[in-house]
Amino acid sequence: MRRKKRMAAAFLAAVMVAGSLVSVPGTRVLAEEKTQESAEHVDVLRIGTTYKATSYSVMDTSSAFGRMLYNSFVNLNFWAFDENGQISTEGCFFDSWEVSEDNTQLTAHFDATDLYWHDGEPVTMEDVLFTFAYYQKQNYPWFLRISDVEAADEQTVRLTFEEGYAFAFVNSTNLMYGVLPKHVWEKVEDPAVYDGEDAAVGCGPYRLVSKDADAQVSYYEAVENYSKGEITVDKVELHSYDSQSSLIMAMQNNEIDVMYGYSASLDTTLLPLVDGDENIDRGESQNTATYQIMFGFNQYPTSDLNFRKAVRAALDYDLLCDSLTGGYGEVANQGAVSPSCLGYVDSLEKNSRDLELAAQYLDEGGYVDVDGDGFRELPDGSPMDVKIQLQNQTDLYKRIAEMLQINLEEVGIRTTVDEETIANSDYATQLRMEGTYEIYISMTTVGMATWGGIANYLADVTITSGQHFGTYADEDYLAAYNGILYSSSYEEYMEEFGKIQEMNASDCPGIALAIMETFYPYRTDRITGWTNYPAWGVINPTTWYTAVAK
């Protein structure tokens, strides 16, 4: 018989002991432990966001409604990361899970007793089996690694993987994926375009009851007698604003209680408005996300190590840090990930500017100013004009591009900002998907930073729902990336992630431009029991069970 290992992120030390068995508490226990009988329920929690209210589908995470799905809100995530960046089952669909010794089988348990879809249909094993098949049908890469799905019993599903992906699967499918109602989605061929009223049906603690498209507000009510735990927030309102300044003004006027965003922290220039109100907490924590530049290995000269190292030595990191963080951050090290990421290697050298070293790398690479115009030519004597391309068209990305141009010109590197990436987001995506960019300004988001960090963007692999970012196909790098995918414990993961960071330092496939603080303000005068997840804020899967009225 195979020896099983129960994994519980809340007990990291125990998880790291090979072969250890740890019981994972269910969400019902969470509510009983954390909610005092005497605590008063919150009548209504008013959430503000800058995402537009454009879609109400549990298969679309791009809108305000969709971003809230990351928090086990209308639908339940399989599982979620906790405030320490490790897997938790609190407030999620699966109550516990086990990984086989060879890491090829995942056995996940759930309790669907008295759990219903919001249209009244019971949640069953048929829904669970359908969900995994449906995600495979949509060609989501992680689900294509599953070779077999079976019901071990009425409340246990067993997934068999083609290789040892089970542990990584849990840590990579915690954000965007939840169980789907079969009776809704079995009739939908293309979920991307389906907008029926039943697209919003979930089995989470809240059901959508109405929406006001003109006011950009949607309204939700807690499910009565919810089987996953006692919900302490009776109603939720989700308000969309056209800017962060409008959102903060609404918070100051006591029209909303909290700001929520995904990798969309409050601009630090607005902090004085927050700090001037004694009833508002700035919701500060260190960000796991980082702005970065990625080098295109399918292009020259960005495929050349001397060139990449010259760029890294030429950048003014103090200026970049101040511009990106508003004075609330620090310079990143050459490992190119945030200290808040699990497995961060703090011994690597910090990025620093050294123009003489940059010139030395360029000289060694054969990049010489032949015609004396102040710009270096390529080693064959032809003109060098490196394109800087932007993933996003915001003013901040444009400012980063401008700073890169100025810094690189000081060491004789001529660059041109690819204006089409600013004017045409489809073109920018095409460059990324095809891997034809040269210097690409992008961002490791909070969700992706938590498992694999910048490597998800640098490695020449396809991630999440068919997205492709990186062009770095070095065998050792891909081996370490595969080591992350095949890891069967957090200990193994951190060892491979450490190798990734060391190769980021030595081979410079990308550069993290700064480590940022993140801010998701919330009011403190009406509600207590908030838990501020780093880089995420006080809106998270536990909020619905722990927030109580003052």
- Can you tell me which residue pairs pass the ring pair (Phe, Tyr, Trp, His ring centres under 6.0 Å) test with a partner in residues 254-284, sequence neighbours excluded? Y70-Y262, Y262-W536
- ring pair (Phe, Tyr, Trp, His ring centres under 6.0 Å) pairs, two or more places apart, involving residues 381-429: Y291-Y397
- Mark yes or no for whether D267, through its side chain, and Q244, through its backbone, hold a donor-acceptor pair below 3.5 Å. no
- Task: Using the test ring pair (Phe, Tyr, Trp, His ring centres under 6.0 Å), find all partners of Y241 that sit at least two apart in sequence or belong to another chain.
- Result: none
- Item | D304 CG to C508 SG distance, which is reported to the nearest 0.5 Å | 11.0 Å
- Are side-chain N/O atoms of S55 and D60 paired as donor and acceptor at under 3.5 Å? yes
- Measure the shortest side-chain to side-chain distance between I527 and V548 over non-hydrogen atoms and say whether it is less than 4.5 angstrom. no
- Message: Counting C-beta onward and ignoring hydrogens, is there a side-chain heavy-atom pair between M259 and T49 closer than 4.5 Å?
- Response: no
- Donor-acceptor contact below 3.5 Å, side chain S382 vs main chain L378: no
- Donor-acceptor pair, side chain of D369 and main chain of G374, under 3.5 angstrom: yes
- Note on the structure: What one should report as the nearest heavy-atom pair of C321 and A514 is CA-CB, 3.9 Å
- Message: So, using ring pair (Phe, Tyr, Trp, His ring centres under 6.0 Å) as the criterion, who are the partners of F297 when residues are at least two apart?
- Response: Y472
- Partner residues of F65 under the ring pair (Phe, Tyr, Trp, His ring centres under 6.0 Å) criterion, sequence neighbours left out: Y56
- Message: Tell me which pairs pass ring pair (Phe, Tyr, Trp, His ring centres under 6.0 Å) where either residue lies in residues 503-522, with sequence neighbours left out.
- Response: Y328-F519, Y522-W530
- Note on the structure: Closest heavy-atom pair, L458 versus M294, reported as atoms and distance to 0.1 Å, is CD2-CG, 3.7 Å
- Message: Is it the case that the side chains of Q389 and R432 hold a donor-acceptor pair, with the cut-off being a distance below 3.5 Å and no angle test?
- Response: no
- Query: With ring centroids as reference points, do W544 and F73 lie under 6.0 angstrom apart?
  - Reply: yes
- Short side-chain donor-acceptor distance under 3.5 Å, T518 and S265: yes
Show the atom names and distances, to 0.1 Å, of all donor-acceptor pairs under 3.5 Å that link a side chain in residues 400-411 to residues at least two apart or in another chain.
{"from": "Q405", "atom 1": "NE2", "to": "T415", "atom 2": "O", "distance (Å)": "3.1"}
{"from": "N407", "atom 1": "OD1", "to": "D316", "atom 2": "N", "distance (Å)": "2.9"}
{"from": "E410", "atom 1": "OE2", "to": "R353", "atom 2": "NH2", "distance (Å)": "2.9"}

- May I have the step-by-step check of salt bridge (Lys or Arg N to Asp or Glu O under 4.0 Å) for K309 and D507, ending in yes or no? CA-CA 8 Å; K309 285 188 172 182; D507 300 337; over 6 Å; no
- Query: Of the non-hydrogen atoms in T421 and Q393, which two are nearest, and what is the gap between them?
  - Reply: O-NE2, 2.8 Å
- Message: For the backbone of K52 and the side chain of S63, can you confirm whether one donor and one acceptor N or O come within less than 3.5 Å of each other?
- Response: no
Which donor-acceptor pairs under 3.5 Å do side chains of residues 433-442 form with protein atoms, sequence neighbours excluded?
{"from": "E434", "atom 1": "OE2", "to": "Q430", "atom 2": "NE2", "distance (Å)": "3.2"}
{"from": "Y437", "atom 1": "OH", "to": "F469", "atom 2": "O", "distance (Å)": "2.7"}
{"from": "E438", "atom 1": "OE1", "to": "K387", "atom 2": "N", "distance (Å)": "3.4"}
{"from": "Y440", "atom 1": "OH", "to": "A428", "atom 2": "O", "distance (Å)": "3.2"}
{"from": "S442", "atom 1": "OG", "to": "Q292", "atom 2": "NE2", "distance (Å)": "3.0"}

- Which heavy atom in T61 sits nearest to a heavy atom in M176, and how many Å separate them? OG1-CE, 4.5 Å
- Can you tell me how far CG of L513 sits from CG of N351, rounded to the nearest 0.5 angstrom? 8.5 Å
- Message: Using the rule given for side chain to side chain contact (heavy atoms under 4.5 Å, CB included), can you reason through Y490 versus F167, listing the C-alpha separation, both sets of side-chain angles and the distance that settles it, and then say yes or no?
- Response: CA-CA 9 Å; Y490 286 113; F167 184 73; 3.8 Å; yes
- Is there a side-chain contact between V311 and Y361 (heavy atoms, below 4.5 Å)? no
- Task: Could you tell me the separation between the CZ atom of R67 and the CG atom of L238, rounded to the nearest 0.5 Å?
- Result: 12.5 Å
- Message: So, using side chain to side chain donor-acceptor pair (under 3.5 Å) as the criterion, who are the partners of T288 when residues are at least two apart?
- Response: none
- Check whether any side-chain heavy atom of L390 sits under 4.5 Å from a side-chain heavy atom of D418, and report yes or no. no
- Message: For the residue pair S72 / N77, report whether a side-chain donor-acceptor contact shorter than 3.5 Å exists.
- Response: yes
- What's the spacing between D82 CG and S88 OG if we round to 0.5 Å? 5.5 Å
- Message: Strictly below 4.0 Å, N to O, side chains only: are R282 and D275 in salt-bridge contact?
- Response: yes
- Query: Quick check: does any side chain N or O of D242 sit under 3.5 Å from a backbone N or O of T50, one acting as donor and the other as acceptor?
  - Reply: no
- Task: Test side chain to side chain contact (heavy atoms under 4.5 Å, CB included) on L273 and Q252 and set out the steps.
- Result: CA-CA 8 Å; L273 299 178; Q252 288 180 312; 3.8 Å; yes
- Query: Can you check whether I539 reaches I47 side chain to side chain, under 4.5 Å on heavy atoms?
  - Reply: yes
- Query: K350 versus E330: any side-chain heavy-atom pair under 4.5 Å?
  - Reply: yes
- Item | Donor-acceptor side-chain pairing of T524 and N279 below 3.5 angstrom | no
- Item | salt_bridge(R46, D257) N-O dist < 4.0 Å | yes
- Query: Would you say W142 and L485 make side-chain contact, with heavy atoms under 4.5 Å?
  - Reply: yes
- Decide yes or no for W451 and I484: does some side-chain heavy atom of the first lie under 4.5 Å from some side-chain heavy atom of the second? yes
- Heavy-atom nearest pair, F497 first then G343, reads CD2-O, 4.0 Å
- What residues, two or more places apart in sequence or in another chain, satisfy side chain to side chain donor-acceptor pair (under 3.5 Å) together with Y493? none
- Task: Would you please name every residue forming a side chain to side chain donor-acceptor pair (under 3.5 Å) with S285, sequence neighbours left out?
- Result: none
- Charged N to carboxylate O under 4.0 angstrom, K499 versus E496? yes
- Message: Return the CG to CD distance between D346 and Q501, rounded to the nearest 0.5 Å.
- Response: 9.5 Å
- Residues N75 and G178: closest non-hydrogen pair is ND2-C, 4.2 Å
- Got a sec, which residues hit side chain to side chain donor-acceptor pair (under 3.5 Å) with Y344, two or more places apart in sequence or on another chain? N333
- Task: Could you walk me through whether L342 and Q86 pass side chain to side chain contact (heavy atoms under 4.5 Å, CB included), step by step?
- Result: CA-CA 8 Å; L342 184 67; Q86 299 139 35; 4.1 Å; yes
- Full working for side chain to side chain contact (heavy atoms under 4.5 Å, CB included) between R523 and D277: CA-CA 9 Å; R523 293 189 67 90; D277 193 321; 4.1 Å; yes
- Is R414 paired with D373 through a side-chain N to carboxylate O contact shorter than 4.0 Å? yes
- Query: Rounded to the nearest 0.5 Å, how far does OG1 of T290 lie from OH of Y457?
  - Reply: 8.5 Å
